[in-house]
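In listed order, ligands and their atoms are each counted from 1.
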Amino acid sequence: MPMTDSFKNRLFPVLPEIVDHFQTPFHIYDETGIRETGQSLKKVFSAVDGFKEFFAVKALPNPFILSIMKDMGFGFDCSSIPELVLSRRIGARGEELMFTSNNTTVEDFKAAMENGGCILNLDDITLIEKLPAIPELISFRYNPGHRRSGNAIIGNPVEAKYGVSHDQILDAYKKMKALGAERFGLHTMLVSNELNYEYMVETAKMLLDMIEWLSGELGIPFEFINIGGGLGIPYRPEDKPLNIEAMGRKVTKLFGAFKAEHGDVPKLYMESGRYMSGPHGVLVTKAINHKDIYRKYIGVDACMSALMRPGMYGAYHHIDVLGKDLIESPAETVDVVGSLCENIDKFAVERTLPKIDTGDILVIQDTGAHGHAMGFNYNAKLRPQELLLRSDGTVERIRREETMDDYFATLNFEKKIITPKND
Ligand SMILES: *Cc1c(COP(=O)(O)O)cnc(C)c1O
């Protein structure tokens, strides 16, 4: 099921007041829910030595949220210089930061290694030459190719642009060892929004098998395996939540067996984004137009700039109409749409909802990850504000809405012209 009852009970009674004060549209996140999920994640893996979650910053890159993650003892998975800067701004340093980029530049590596550095997770063997210096600790992202199947969002590993191939991975570590690296990790990320925990257990098993083989060949110790993100959340009411307890039990067993056999065991790292924050955010928007042509349309005051997933992946986001439900209110089947000149700008397609009146508040759920962050400015549509419902009951604005000045900011530049000579 989507939004939890406890989040609903915290938010819905006060939502009219929040809407009055802040005006729609906005994303609002639930501190209590984020902390509960974080605590349960830690508890489930508490028997695995050195378990650590590195929150995937791209899911919800807001410093107020990152501070909550840091407070829970989590690190940060970054894929760009601004994500590193953001994480360092809230005080994360060194090995609290993992840098996992793709198609990486020398400038990226320089920024990653400055200011206390971070854990470098290389996406390709050729990137070794681009390192400005040899770090003591190095990790590679492994792509198992045909050895595993992926899923729809990330794709089949053979076709995915990420990671070092099976044939190159031994050489990659051999090279880093020869160059003087002394500490090693191994990473992979194969799926996205996966609800079957067995897949994640298999991934942990695959990485443990890999380090057994790699250490055997090269005599190098592995300090951690990182099973990536990709833990799924139930977007649809009929989706069963991922069984994190069962995953914890099986992974704990795997690590126990590995320790019994080898006397030593790597730490377990994870970099979940969606699982940590996805269910703990909603997009709140107001119905502003009704249109009755071949289908019925409800126009709302948010659009794809606030949430791309339905348009981009056909993703389902559950919608509640504040104060109405399908049991007591008459129902109507509608498309819920934004204002972009793109027919994919729909939050819901042929969805049966309680009959909506102009001015009704719609709560579009599970927008706490890959929601606001993925928003774009096509059609000069601006991104909405972000709010945080604190555990003490206060509501704080944690990002203002974009303004036209923000949109025009990149047109404010120094004149630069050349006349190519073509000689
Ligand atoms: C996107 C991403 C994640 C987070 O994925 P979720 O599906 O949000 O858990 C983790 N690691 C890497 C390398 C990623 O690109």
Side-chain angles (χ1 to χ4, degrees), residues 27 29 34 37-38 40-41 44-45 52-62 65-66 69 74-84 86-87 92 96-104 108 112 118-124 127 139-144 148 150-155 157 160-164 185-197 199-200 203-204 207 224-235 239 241-242 244 247 268-281 307-309 312-313 315 317 366-374:
H27 289 268
Y29 311 113
I34 291 172
T37 296
S40 77
L41 199 67
V44 153
F45 295 103
K52 191 171 171 111
E53 150 78 356
F54 290 76
F55 178 66
V57 172
K58 77 169 188 278
L60 186 46
N62 187 299
I65 302 294
L66 299 190
M69 301 296 175
F74 294 165
F76 299 96
D77 179 61
C78 305
S79 301
S80 65
I81 298 175
E83 287 182 356
L84 279 166
L86 188 60
S87 306
E96 291 171 319
L97 300 165
M98 180 90 59
F99 186 63
T100 301
S101 53
N102 169 259
N103 188 20
T104 319
D108 290 334
C118 63
I119 304 176
L120 285 180
N121 186 30
L122 302 190
D123 186 65
D124 190 48
L127 294 175
S139 171
F140 286 97
R141 177 174 185 160
Y142 172 57
N143 179 334
R148 295 294 294 279
N151 76 1
I153 297 185
I154 295 215
K161 66 173 182 163
Y162 311 107
V164 181
L186 176 65
H187 167 271
T188 200
M189 162 107 189
L190 298 177
V191 284
S192 185
N193 196 31
E194 180 60 59
L195 287 169
N196 177 5
Y197 78 90
Y199 195 96
M200 308 308 295
T203 296
L207 292 182
F224 67 83
I225 62 164
N226 181 343
I227 59 174
L231 298 186
I233 59 168
Y235 283 98
D239 285 345
L242 178 126
I244 195 85
M247 178 179 164
L268 173 64
Y269 290 171
M270 181 183 284
E271 42 190 42
S272 284
R274 188 186 322 267
Y275 188 81
M276 272 309 307
S277 63
H280 310 303
L307 180 67
M308 300 268 283
R309 297 189 71 257
M312 205 152 118
Y313 311 116
H317 282 262
D366 302 308
T367 67
H370 314 297
H372 186 281
M374 217 189 252

Contact atoms of ligand 1, heavy-atom distance to Arg141 under 4.0 Å: 13 (C)
Atoms of ligand 1 close to Gly230 [distance to a heavy atom under 4.0 angstrom, numbered from 1]: 5 (O), 6 (P), 7 (O), 9 (O)
Aromatic centroids of Phe74 and Phe55 separated by under 6.0 Å: no
Under 4.0 Å to a heavy atom of Ser272 - the qualifying atoms of ligand 1, by number: 9 (O)
With Ser272, the side-chain contact (heavy atoms from CB on, under 4.5 Å) member among Ile233, Asp77, Leu231: Leu231
Ligand 1 N/O within reach of Leu231 N/O, cut-off under 3.5 Å: no
Polar contact flag, side-chain donor to acceptor under 3.5 angstrom, Thr100-His187: no
Nearest-0.5 Å distance that lies between atom CD in Glu271 and atom CE in Met276: 14.0 Å
Enumerated ligand 1 atoms positioned under 4.0 Å from heavy atoms of Ser192: 7 (O)
Within-cut-off N or O pair, His370 and ligand 1, under 3.5 Å: yes
Shortest protein heavy-atom distance from atom 4 (C) of ligand 1, along with the residue and atom involved: Ala56 CB, 3.4 Å
Subset of ligand 1 atoms that lie under 4.0 Å from at least one heavy atom of Arg274: 6 (P), 7 (O), 8 (O), 9 (O)
Atoms of ligand 1, numbered as shown, that sit under 4.0 Å from any heavy atom of Gly273: 4 (C), 6 (P), 8 (O), 9 (O)
Distance, nearest 0.5 Å, that separates CG of Asp124 from NZ of Lys161: 12.0 Å
Cation-pi, Tyr199 ring and Arg148 (6.0 angstrom, 45 degrees): yes
Closest protein heavy atom (residue, atom, distance) for atom 5 (O) of ligand 1: Met189 CE, 3.5 Å
Test item: Ser277 side-chain N/O and Gly368 main-chain N/O as donor-acceptor pair under 3.5 Å: yes
Shortest heavy-atom approach to atom 15 (O) of ligand 1 - which of Lys58, Met276, Glu194: Lys58
Reported CG-to-CZ distance for the pair Asn121 and Phe140, which is rounded to 0.5 angstrom: 9.0 Å
Glu271, portion touching ligand 1 at heavy-atom distance under 4.0 Å: both
Test log, rule side-chain contact (heavy atoms from CB on, under 4.5 Å), inputs His370 and Met308: CA-CA 8 Å; His370 314 297; Met308 300 268 283; over 6 Å; no
Under 3.5 Å: N/O of Thr100 near N/O of ligand 1: no
